[in-house]
Student: 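The structure follows.
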Amino acid sequence: QVQLVESGGGLVQAGGSLRLSCAASGRTFNRYAMGWFRQAPGKEREFVATISWSGGNTYYADSVRGRFTISSDNAKNTLYLQMNSLKPEDTAVYYCAAGNLATTLERSYYYWGQGTQVTVSS
């Protein structure tokens, strides 16, 4: 069992930056691939970024590539999402997730956090 707790969300102006964190506890953190997803009001949850358990492979949604960076610190059992050049369309609840494969598919992830709200004002 893995427990995930996100933090770092908030209100920011367009063009600004935020760093989300996801603290993991329970089973060995570095055995899991990790991902970030988001859900905007009235929309389906969508993939944002993923990182392999080794940290050697990352993949991003087209909408965030070049602006967001996913990383992990296995010593701290923490996943990060650095978000730069934020846009109003990035407004959403952001979720971290843990699974066996670093994929874009929600069904590949077994454990989910409760989410943290990111609001980008224009």
Side-chain angles (χ1 to χ4, degrees):
Q1 190 76 5
V2 176
Q3 293 79 43
L4 303 172
V5 179
E6 302 95 337
S7 61
L11 174 64
V12 64
Q13 288 188 332
S17 298
L18 281 175
R19 188 176 79 157
L20 304 184
S21 299
C22 173
S25 61
R27 293 188 64 183
T28 308
F29 175 76
N30 62 5
R31 292 294 187 182
Y32 291 95
M34 301 294 295
W36 287 100
F37 290 76
R38 67 186 182 186
Q39 187 169 21
K43 294 187 177 181
E44 297 288 322
R45 188 157 58 185
E46 65 176 4
F47 166 78
V48 175
T50 186
I51 187 168
S52 60
W53 67 269
S54 68
N57 293 300
T58 58
Y59 186 76
Y60 299 90
D62 289 344
S63 58
V64 307
R65 187 175 291 114
R67 300 188 297 122
F68 291 10
T69 302
I70 188 171
S71 62
S72 61
D73 185 336
N74 289 343
K76 295 183 178 180
N77 283 355
T78 302
L79 176 73
Y80 302 101
L81 185 68
Q82 177 67 44
M83 305 186 295
N84 299 328
S85 302
L86 282 161
K87 305 175 181 180
E89 51 263 43
D90 295 319
T91 295
V93 177
Y94 283 71
Y95 299 89
C96 67
N100 284 343
L101 294 174
T103 78
T104 66
L105 303 175
E106 285 191 46
R107 62 176 181 264
S108 298
Y109 296 88
Y110 309 140
Y111 306 107
W112 292 81
Q114 84 290 348
T116 185
Q117 176 71 46
V118 171
T119 303
V120 184
S121 63
S122 57

Student: Do Q1 and Q3 come close enough that some side-chain heavy atom pair is under 4.5 Å?
Tutor: yes

Student: Taking atom CG of N100 and atom OG of S52, what is their separation to the nearest 0.5 Å?
Tutor: 13.0 Å

Student: Taking T50 for the side chain and G35 for the main chain, is one N or O donor matched with an acceptor at less than 3.5 Å?
Tutor: no

Student: How would you list, by chain and number, every residue that makes a side-chain hydrogen bond (donor to acceptor under 3.5 Å, both in side chains) with S71, sequence neighbours excluded?
Tutor: none

Student: Which residues, ordered by chain and number, are linked to W112 in its hydrophobic cluster, where ILVMFWY side chains connect at heavy-atom gaps below 4.5 Å, directly or through other members?
Tutor: F37, F47, Y59, V93, Y95, Y109

Student: Looking only at heavy atoms, which two atoms of I70 and Y60 are closest? And how far apart?
Tutor: N-OH, 2.9 Å

Student: Are any non-hydrogen side-chain atoms of R31 and N74 less than 4.5 angstrom apart?
Tutor: no

Student: Quick one: which residue pairs count as a salt bridge (charged side-chain N to carboxylate O under 4.0 Å, His left out) with a foot in residues 95-122, not counting sequence neighbours?
Tutor: R45-E106

Student: Give every residue pair that meets the side chain to side chain donor-acceptor pair (under 3.5 Å) criterion with at least one member in residues 10-22, sequence neighbours excluded.
Tutor: S17-N84

Student: For the residue pair L79 and W36, establish whether any side-chain heavy-atom pair is separated by less than 4.5 Å.
Tutor: yes

Student: Considering residues at least two apart in sequence or located in another chain, which fulfil the side-chain hydrogen bond (donor to acceptor under 3.5 Å, both in side chains) criterion with S108?
Tutor: T103

Student: Using side-chain heavy atoms (C-beta onward) and a distance below 4.5 Å, is L81 in contact with V48?
Tutor: yes

Student: Find the distance between CG (L18) and CZ (F68) and round it off to the nearest 0.5 Å.
Tutor: 9.0 Å

Student: What distance separates Q82 CD from R67 CZ, expressed to the nearest 0.5 Å?
Tutor: 12.0 Å

Student: Are any of the side-chain heavy atoms of E6 and L20 separated by less than 4.5 Å?
Tutor: no

Student: Excluding sequence neighbours, so at least two apart, what forms side-chain contact (heavy atoms from CB on, under 4.5 Å) with V120?
Tutor: V12, A14, L86, P88, D90, T91, V118

Student: Taking C-beta and beyond as the side chain, do Y94 and M83 meet within less than 4.5 Å on heavy atoms?
Tutor: yes

Student: Can you tell if the side chain of S7 reaches within under 4.5 Å of the side chain of V5, non-hydrogen atoms only?
Tutor: no

Student: Start with the C-alpha distance between L4 and M34, add both sets of side-chain angles, then the distance that settles side chain to side chain contact (heavy atoms under 4.5 Å, CB included), and finish with yes or no.
Tutor: CA-CA 11 Å; L4 303 172; M34 301 294 295; 4.0 Å; yes

